[in-house]
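Here the structure is a predicted model, which means the values were calculated and not measured. When reading the values below, keep in mind they use all heavy atoms of this one structure, side chains included, and skip hydrogens, waters and symmetry mates.
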Amino acid sequence: MKKRQKNEVIIFDTTLRDGEQCPGASMGLSEKMEVARQLARLKVDVIEAGFPIASPGDFEAVRAVAEHIRGPRIAGLARCLKGDIERCAEAVAPAGERGRIHVFLATSEIHRRYKLKKAKREIIRQAVEGVKYARRFCDDVQFSPEDASRTEPDFLAEVVRAVIDAGAGTVNIPDTVGYAIPSEFGDLIAYLFENVPGLEDVVVHVHCHNDLGLAVANSLAAVQNGARGIECTINGLGERAGNCSLEEVVMAIRTRKDFLRVRTGVDTRWLYPASRLVSRLTGMTVQRNKAIVGANAFAHEAGIHQDGILKERSTYEIMRPEDVGIPGTELVLGKHSGRHAFRNHLNRMGFKLSPAEMEKAYEAFIALADKKKTVYDDDIIAIVQEQMAEVPQVYVLSYLHVSSGTGTVPTATVRLRKGRKEFQDAACGDGPVDAALKTIDRISGVSGKLMDYSLQAVTQGKDAVGEVNMQVSYGGGQVVSGKGSSTDIVEASAKAYLNCLNRHLFMKDHASKKSKAVRDRRSPGRKSTRRAGGR
Ligand code: MN
């Protein structure tokens, strides 16, 4: 085994084991493989791939990860029972010397009395036997005294000493129920180092749960007291409130290396992609304000903050979004944004407005921001469109007729005006809205993919105006949002769809003008270089 540096912290990912135990987050084999590949890209040190005895699916997953994933060590979980250990050994075998058997046994008084009904002496005997048996199959054996943080410290020290003597190379101290407080948990780790001879010769891990929101803090406190392994999961997924979040703990160590004086081997540029992947595969969405990987983690709204960021990023940013794999800071504009941020944002989007136009656009923006909490780029384009008279509404709806009902094929006839010309077509669809949108696609020759659709009543009563908001994707990652309103929901939908289409065409046109402008600006420079060379 590679000798570890004293300041290196092992990142042990258990997304596929503890994370998958999260209610509603179960994954199939191919999904687990995708996560495992991403973990290897992240360069975590250990992947705990599952609990092989738990089910045939778990066994297959651990075996497949052990067989196909290169780089990290591959661990499987087992109780201190022969059957568990044998099954686990079989599952991790394809990883060869990178395979690890992780055995566990509860040690706290509560677990001993109510769950295991075993005395202390018996617990030690079973733990030692488990570790010894696992060592018959695998050189790399890890032991966890479950519920360690609620175990009497002197008994915990006794257990840890016994399993080290039995051959465990890694000892994990779990805060299984998320009960510990950082300073207390740090003291427990320090206590073990003082009272267990030989503890410095093995690797000490911690496995913290987030029931009190302290999993990351407890893990860091343990590291400050000598622990050199952190068990964690992507997005903090896990039993109940979850586990220590990998992205948070890794970025805390990286950002505050000045203070913590340790490092991890994680390639942090894969953190955001890993978070998105796990969220997509498990269906567990990440809250917007989640540290590191939440949608708002790098978004600045207050005017003073935005102004600061534009002048010098470190004024309000302790990490760079690109360090965690986010392409760029999203400067969300809201009603607290000042003129400076607004102008800068327009410039970055490639717009050049006169001071008078800018002032008008800013006023329109503030009025919109008052109604709408967050103003997105598409909204700003709409504002600029209004301010710039030369921007045309490319397509305008001039006629719409739909027929639908039980037993009829929903059909739409649409007439669109483009400049002075009118175009008409008809199409069928799954419903009247679908038929109308398909007809618009046929006429414009641009096909959009509806990503999101919502219908709201703007006013009260049965004759209320319905407002349709939609997001349409036009390929290449571009998603445009638009809205339309009418007392007829099909017409509102068609208008919203046209709104998206017009914005898309405007942006496309704008982008090509912008790149042409860049080309024009560059070419005189090249000419002068040539002239200089000719002299
Ligand atoms: Mn756990």
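In this structure, CD1 in I10 is found 10.0 Å from CD in E231, a value given to the nearest 0.5 Å. The line from CD of Q224 to OG of S219 is 11.5 Å long, rounded to the nearest 0.5 Å. Rounding to the nearest 0.5 Å places CG of D175 at 8.5 Å from CG of L212. If you take CG on L220 and CD1 on I230, they are separated by 6.0 Å, rounding to the nearest 0.5 Å. Distance check: K32 NZ to I69 CD1 gives 13.0 Å after rounding to the nearest 0.5 Å. Rounding to the nearest 0.5 angstrom, the gap separating the CD1 atom in I123 from the CD atom in Q126 is 6.5 Å.
Salt bridge D267/R41: absent, no basic N to carboxylate O contact under 4.0 Å. Ion pairing between a basic and an acidic side chain is recognised when a charged N comes within 4.0 Å of a carboxylate O; E48 and R100 show no such pairing. For R240 and D211, the salt-bridge test passes: some basic side-chain N is under 4.0 Å from an acidic carboxylate O. Using a 4.0 Å cut-off between a side-chain N of Lys or Arg and a carboxylate O of Asp or Glu, R125 and E129 qualify as a salt bridge. A salt bridge links E322 and R313; the closest N-O separation between the charged side-chain nitrogens and carboxylate oxygens is under 4.0 Å. Remark: K82 does not engage D84 in a salt bridge, criterion side-chain N to carboxylate O under 4.0 Å.
T176 has its side chain out of reach of E239: every pair of non-hydrogen atoms, C-beta onward, lies at least 4.5 Å apart. For the pair I47 and R73, the minimum side-chain heavy-atom distance is 4.5 Å or more. By the 4.5 Å heavy-atom criterion applied to side chains, C208 and F185 are counted as neighbours. Contact of the I124 side chain with the E158 side chain is registered, since non-hydrogen atoms from C-beta on lie closer than 4.5 Å. Residues V262 and E8 form no side-chain contact, since every pair of their non-hydrogen atoms from C-beta on lies 4.5 Å or further apart. V46 has its side chain out of reach of V44: every pair of non-hydrogen atoms, C-beta onward, lies at least 4.5 Å apart. Two residues are said to be in side-chain contact when any heavy atoms from C-beta on lie closer than 4.5 Å; F143 and C80 meet this criterion. Contact of the L77 side chain with the F104 side chain is registered, since non-hydrogen atoms from C-beta on lie closer than 4.5 Å.
For the side-chain hydrogen bond (donor to acceptor under 3.5 Å, both in side chains) test, residues two or more places apart in sequence or in another chain that qualify with R112 are E152.
Judged by distance alone, with hydrogens and angles left aside, the side-chain atoms of D58 form no donor-acceptor pair with the main-chain N or O of P52 at under 3.5 Å. Of the possible donor and acceptor atoms, one in the side chain of N218 sits under 3.5 Å from a partner among the backbone N and O of A180. Under a 3.5 Å cut-off, the side chain of S279 and the backbone N or O of S275 do not form any donor-acceptor pair. Side-chain atoms of S144 never come within 3.5 Å of backbone atoms of E146 as a donor-acceptor pair (strictly under, hydrogens ignored). T255 places a side-chain N or O within 3.5 Å of a backbone atom of M251 that can act as its donor or acceptor partner. Between the side chain of E31 and the backbone N or O of G28, at least one donor-acceptor pair lies under 3.5 Å. Checking side-chain atoms of R135 against main-chain N and O of G167 turns up a donor-acceptor pair under 3.5 Å. Remark: the backbone N or O of G308 is paired with a side-chain donor or acceptor of T315 at under 3.5 angstrom. Using a distance-only test at 3.5 Å, with no hydrogens or angles considered, a donor-acceptor pair links the side chain of T14 to the main chain of D18. Judged purely by atom type and a 3.5 angstrom limit, R228 uses its side chain to pair as donor or acceptor with the backbone of K6.
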### Verdict with reasoning, F365 to F342, per ring-ring contact (aromatic ring centres under 6.0 Å, His included)
CA-CA 9 Å; F365 155 72; F342 181 70; 4.7 Å; yes
### Task
Output, in order, the C-alpha distance, side-chain angles, deciding distance and verdict of side-chain contact (heavy atoms from CB on, under 4.5 Å) for M319 and I292.
CA-CA 9 Å; M319 297 168 273; I292 316 295; 3.6 Å; yes
### Query
Under the side-chain contact (heavy atoms from CB on, under 4.5 Å) criterion, do Y474 and C500 qualify, and how do the steps go?
CA-CA 10 Å; Y474 291 98; C500 290; 3.6 Å; yes
### Query
Would M27 and L16 count as a side-chain contact (heavy atoms from CB on, under 4.5 Å) if you check the C-alpha gap in whole Å, the side-chain angles of each, and the deciding distance to 0.1 Å?
CA-CA 8 Å; M27 289 176 266; L16 295 174; 4.1 Å; yes
#### Entry: Test log, rule side-chain contact (heavy atoms from CB on, under 4.5 Å), inputs R79 and I53
CA-CA 9 Å; R79 289 169 297 185; I53 195 86; 4.2 Å; yes
### Message
Please evaluate residues D323 and R254 with respect to the criterion salt bridge (charged side-chain N to carboxylate O under 4.0 Å, His left out), reporting the C-alpha separation (whole Å), side-chain torsions for both, the decisive distance (0.1 Å), and the verdict.
### Response
CA-CA 10 Å; D323 291 343; R254 182 184 155 129; 3.4 Å; yes
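The 12-atom threshold is exceeded at CZ of F193, counting heavy atoms of other residues, nucleotides or ligands nearer than 6.0 Å. Few gaps surround CZ on R70; more than 12 heavy atoms of other groups in view lie less than 6.0 Å from it. Heavy atoms of other residues, nucleotides or ligands lying less than 6.0 angstrom from NZ of K132 number 12 at most. By the neighbour-count criterion of 12 heavy atoms within 6.0 Å, atom CZ of R150 is densely surrounded, having more than that number from other residues, nucleotides or ligands. The environment of CD1 in I304 is sparse: at most 12 heavy-atom neighbours from other residues, nucleotides or ligands sit within 6.0 Å.
Scanning all heavy atoms of the two residues, the minimum distance from V131 to A168 falls at CG1-N, 3.6 Å. The shortest non-hydrogen separation linking V128 to A162 is CG2-CB, 3.7 Å. Across every non-hydrogen atom of V92 and G76, the tightest pair is CG1-N, 3.7 Å. Contact record, D45 with V9: OD2-O, 4.0 Å, taken as the closest heavy-atom pair. Contact between V163 and A127 at its shortest, heavy atoms only, is CG1-CB, 3.9 Å.
Defined by atom type and a distance below 3.5 Å, a donor-acceptor pair is missing between the side-chain atoms of T151 and S108. Between Y453 and Q471, the side chains place no donor N or O within less than 3.5 Å of an acceptor N or O (distance only, hydrogens not considered).
Of the options V250, I234, T268, I11, a side-chain contact (heavy atoms from CB on, under 4.5 Å) to L42 is made by I234 and by none of the others. E247 pairs in a side-chain contact (heavy atoms from CB on, under 4.5 Å) with only one of the listed residues (T233, V324, N235), which is N235. The side-chain contact (heavy atoms from CB on, under 4.5 Å) with V216 is formed by just one residue from the set N243, L246, N210, V249; it is V249.
Among residue pairs with one or both ends in residues 206-235, those qualifying as ring-ring contact (aromatic ring centres under 6.0 Å, His included) are H207-H209; sequence neighbours excluded.
F59 carries R87 over the face of its six-membered ring, with the cationic atom under 6.0 Å from the centre and within 45° of the normal.
Using cut-offs of 30° and 60° for the angle between ring planes, the Y316 and H305 rings count as parallel.
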